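Working notes, beginning with the structure itself.
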Amino acid sequence: MANSFGTDILLQAPEPKTAAAFYVEHLGFKITGEDPGMISLHGAHINLFIERGPALGPVLEVTVENVREAVRRLVENGCSVVKDEPEFPRCYVRDPYGLIYNLTT
């Protein structure tokens, strides 16, 4: 099973602009995109995307060969699906250790 971590991390926050200001002021990110649903901040090695919503904690991006097969295998081994939006597409999975990641191809 080959996979890789992406450079993107998604956060959800009740006030995305406030969260973005924190990362700009204290960690040196730059706002590189802003629309009603998402603020994009790019750094030298990772990119943060902040969308309005209840805080889930950081969501890492993991690339897999087949999202549905990976979800099936992960759920069988103690993971839970946090959010599944095939039309977006995205599928957030929380593993038994608390890490949340978006599975993508």
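What you see is a predicted model; the values in this text were computed from it and never measured. These values consider heavy atoms only, across backbone and side chains, with no hydrogens, waters or symmetry-generated copies.
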Does this structure show an ion pair linking Glu69 with Arg72, if we count only N-O contacts that are shorter than 4.0 Å?
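Yes, Glu69 and Arg72 are salt-bridged.
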
Ion pair check, Arg73 and Glu65, cut-off under 4.0 Å
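Glu65 and Arg73: not salt-bridged.
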
Would you kindly confirm whether [X] and [Y] end up in one hydrophobic cluster when ILVMFWY residues are joined by side chain heavy atoms under 4.5 Å apart?
{"X": "Val24", "Y": "Leu10", "answer": "no"}
{"X": "Leu74", "Y": "Val62", "answer": "yes"}
{"X": "Ile46", "Y": "Phe22", "answer": "yes"}
{"X": "Val71", "Y": "Val64", "answer": "yes"}
{"X": "Tyr101", "Y": "Phe5", "answer": "yes"}

Could you tell me if the side chain of [Y] sits less than 4.5 Å from the side chain of [X], heavy atoms only?
{"X": "Thr63", "Y": "Thr105", "value": "no"}
{"X": "Ile9", "Y": "Val59", "value": "no"}
{"X": "Lys83", "Y": "Glu85", "value": "yes"}
{"X": "His42", "Y": "Phe49", "value": "yes"}
{"X": "Val81", "Y": "Val75", "value": "yes"}
{"X": "Pro96", "Y": "Cys79", "value": "yes"}
{"X": "Glu61", "Y": "Thr104", "value": "yes"}
{"X": "Val93", "Y": "Ile100", "value": "no"}

Which heavy-atom pair separates [X] from [Y] by the least distance, and what is that distance?
{"X": "Ala70", "Y": "Leu103", "value": "CB-CD1, 4.1 Å"}
{"X": "Ala20", "Y": "Ile31", "value": "CB-CD1, 4.3 Å"}
{"X": "Pro16", "Y": "Ala13", "value": "CD-O, 3.6 Å"}

How many angstroms lie between atom [atom1] of [X] and atom [atom2] of [Y], to the nearest 0.5 angstrom?
{"X": "Glu15", "Y": "Arg52", "atom1": "CD", "atom2": "CZ", "result": "5.0 Å"}
{"X": "Thr7", "Y": "Asn47", "atom1": "OG1", "atom2": "CG", "result": "4.5 Å"}
{"X": "Ser40", "Y": "Asp35", "atom1": "OG", "atom2": "CG", "result": "7.0 Å"}
{"X": "Leu48", "Y": "Met38", "atom1": "CG", "atom2": "CE", "result": "11.5 Å"}
{"X": "Leu11", "Y": "Ile39", "atom1": "CG", "atom2": "CD1", "result": "11.0 Å"}

Start with the C-alpha gap between Asp95 and Tyr97, add the side-chain angles, then the distance that decides, and say whether side chain to side chain contact (heavy atoms under 4.5 Å, CB included) holds.
CA-CA 5 Å; Asp95 69 24; Tyr97 310 100; 3.5 Å; yes

Donor-acceptor contact below 3.5 Å, side chain Asn102 vs main chain Cys91:
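Checking the backbone N and O of Cys91 against the side chain of Asn102, a donor-acceptor pair under 3.5 Å is found.
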
Hydrogens and angles aside, do Tyr92 and Arg90 bring a side-chain donor and acceptor to less than 3.5 Å of each other?
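Note: Tyr92 and Arg90 side chains meet the donor-acceptor criterion.
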
